[in-house]
Number of protein chains: 2
Amino acid sequence: MATIHDVARAAGVSIATVSRALNGGSRVNAETRRHVLETAATLDFRPNHAARGLATGKLGNVGVLLPDVANPFFGAVLAGITRAAQERGFGVFVADSREDAGGEPELAGRLSQQVDGLVLVAPRMPDDDVLTYSERRPTVLVNRLVGGVDGVAVDAAQGMSDLLTQVALLGHRHVCYLDGPSESRAGTAKRAGLTAAAERHGIDLHVEQSDSPTFAAGRAAAQRVLDSGCTAAVCFDDLLAWGVMTRVRELGVDVPGRLSIAGFDDSLEEGMVTPGLTTVAARNREMGTIAAGMLERRLRDASLSPTTEVLRCNVVVRGSTGSAPA
Amino acid sequence: MATIHDVARAAGVSIATVSRALNGGSRVNAETRRHVLETAATLDFRPNHAARGLATGKLGNVGVLLPDVANPFFGAVLAGITRAAQERGFGVFVADSREDAGGEPELAGRLSQQVDGLVLVAPRMPDDDVLTYSERRPTVLVNRLVGGVDGVAVDAAQGMSDLLTQVALLGHRHVCYLDGPSESRAGTAKRAGLTAAAERHGIDLHVEQSDSPTFAAGRAAAQRVLDSGCTAAVCFDDLLAWGVMTRVRELGVDVPGRLSIAGFDDSLEEGMVTPGLTTVAARNREMGTIAAGMLERRLRDASLSPTTEVLRCNVVVRGSTGSAPA
DNA sequence: GTGAAAGCGCTAACAT
DNA sequence: ATGTTAGCGCTTTCAC
């Protein structure tokens, strides 16, 4: 692979001139510059990123730490980050903690060696660790907020609150909330939003726990939801709701006639399930895009005061919710 | 951030000794080494990856180029790669081409600056380009094979062939194949397997095109599938099959009574759709894992002759296929 | 077994 | 406008 020296020799100039021509182009004769660029092109020269990083202290890369790339939720966030970063000329490093918060410190440490900044999508990481990393490198948090650190999150409390308001308007008085993993920060916000709204509307909110936010877990919890005697079930996420809905219908329960069901995320396309699932649109990809933008701003100006963005999320009403049975 | 110099000073040795202690540990007094390691730990020293890369010519990173991180299919592949690479101590660089083959050269070029090897998940990239990149950097291909380049792929032809055999055993004589995007290499293999099996079993195979492998496209194509007069429909992937199934059932068509439907990938969990979708299990994550392993082997020994691995895939029979109507 | 010193490819003063 | 040179943090001969 050609180096800057090869180009310099071939073009008959010094490496400094090559460097200038390649970069801004300031303080170089236009003609010289043209010539250098041309030579570089014919030699198929590509600046060595590592070397440039060493010299400038800027790697031109951002790192993303997340629990599971294969999970569509995180996949969408990653897509948002990656595309936005690429457009701004940044490379993207990804580390997958396999949903194991214990491995995160190690991964984050290795990541930070190669990047200028970090995007943390780590719902289960302790706040202290978040602070530690954010001191080492410019950091932005996704779907969670910690004081003093840049972050973007969906307002899950507001989303759930609005959702429950909808449900209340339909006349439901006994609502079951099927929660996700208890350590998740998102779960806390969702519960808070629901509790507040339940109080406001005089709703009796019954909480059931599920160990993981999956379709299978939803199926498994369906009977418990029915047994609660509630007329509506709100679930931690769409997969869980999907599972509940599938199972209760198998049991001959009319949805929404006898049980209304709602989820969170809006990850199911129109028509994928019948009736369509009422849910809250979570804007994952957008969070990724915004996070990348925030990180870039911070990298350009470290003195910025911490920014935080909370995205409103909208309730999407479909056929799985209806009036409470008389 | 502590550098090797800081550690050397703190430990009272030279940077050379620190370097030796940190790496193999050969030619260092055991006691000295212990001491150095300890000081390094207390200083929270992390070797600068870029600097090490410059000095050794090895970056310790692999690059992954794929069309869309948010697509569950590629997400699974990426998860496989990432986890395997991480375990081997490699960092993972990802580039997302947004399903735009035109942008791939640029991305691949930038990628290759920072990585020791490349994993290409690029179904639409021309063979010539694949060869170009593979000459620049050790490369392994996922879900596609090009002569002389390492690669791992699912035997889509075999999978589809087995699937069609199943369908033939159920008595179907007129089968419609709903294809995916025409440029996809995977599509070619699938078609080949189907055509061969159709001939073997004396089946009349009718091909319909769909522009994208999505749920919505499946719905849109449903009417055409019905109009073909076939008693069974095999689809390019599960999403497409799901779309077709949903739509035809809305139209009052009995599945599998009047129309049997099958997909490819096995991306839907048991119970997610009713009836369960007959499909072919595609082993995406496994491809990723294998790809990472191949790449590491190649990086260790460039003289290896090109390796290729083709994974058999199994038909998963569920309720969406049944005997042909009399 | 350990240290001194020469780079790896590049940028950024500083000269000219 | 261009060339010279000193590093960036690390590995790796080569002496000692």
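First the proteins, then the strands, lettered A, B, ... as listed; each starts at 1.
One atom, CG of A:Leu59, and another, P of C:dT11, lie 13 Å apart when rounded to the nearest Å. Separating the CD1 atom of A:Ile4 from the P atom of D:dC8 is a distance of 18 Å, rounded to the nearest angstrom. Between the CG atom of A:Leu54 and the C1' atom of D:dG9 there is a distance of 5 Å, given to the nearest Å. Atom CG of B:Asn48 is separated from atom P of C:dC8 by 18 Å (rounded to the nearest Å). Atom CE in A:Met1 sits about 11 Å away from atom P in C:dC10, given to the nearest Å. In this structure, B:Arg34 places its CZ atom 17 Å from P of C:dG1, rounding to the nearest Å. Distance, B:His5 NE2 to C:dG3 C1': 12 Å, rounded to whole Å. Rounded to an integer number of Å, the gap from CG of A:Leu43 to P of C:dG9 is 14 Å.
Phosphate contact (OP1/OP2 of D:dG9, side-chain N/O of B:Thr3, threshold under 4.0 Å): absent. A:Arg52 has a side-chain polar atom (N or O) that falls below the 4.0 Å cut-off from OP1 or OP2 of C:dT11. Checking the phosphate oxygens (OP1, OP2) of C:dG1, no side-chain nitrogen or oxygen of B:Thr32 falls inside 4.0 Å.
Classification of B:Arg83 and B:Glu87 as a salt-bridged pair fails, no side-chain N sitting under 4.0 Å from a carboxylate O. A:Arg283 has no carboxylate O lying under 4.0 Å from a charged side-chain N of A:Asp155, or vice versa, which leaves the two without a salt bridge. A salt bridge does not link B:Arg98 with B:Asp96: every distance from a Lys NZ or Arg NE/NH1/NH2 to an Asp or Glu carboxylate oxygen is 4.0 Å or more.
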Polar atom pairs between nucleotides 12-16 of chain D and protein, under 3.5 Å, N or O only, would you list them?
{"unit_1": "D:dC14", "atom_1": "N4", "unit_2": "B:Arg27", "atom_2": "NH2", "d": "3.4"}

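A pairwise comparison of heavy atoms in B:Ala76 and A:Ala70 identifies CA-CB, 4.2 Å as the closest pair. Taking both residues in full, the closest heavy atoms of B:Val142 and B:Ala291 are given as CG2-CB, 3.6 Å, listed atom of the first, atom of the second, then distance. Of all the heavy atoms in B:Phe93 and B:Val115, the pair that sits closest is CB-CG1, 3.9 Å.
Toward the 5' end of DNA chain C, the nearer of the two residues B:Arg33 and B:Ala51, judged by each one's closest nucleotide, is B:Arg33.
The CG atom of A:Asp116 lies 5.0 Å from the NZ atom of A:Lys58; values are rounded to the nearest 0.5 Å.
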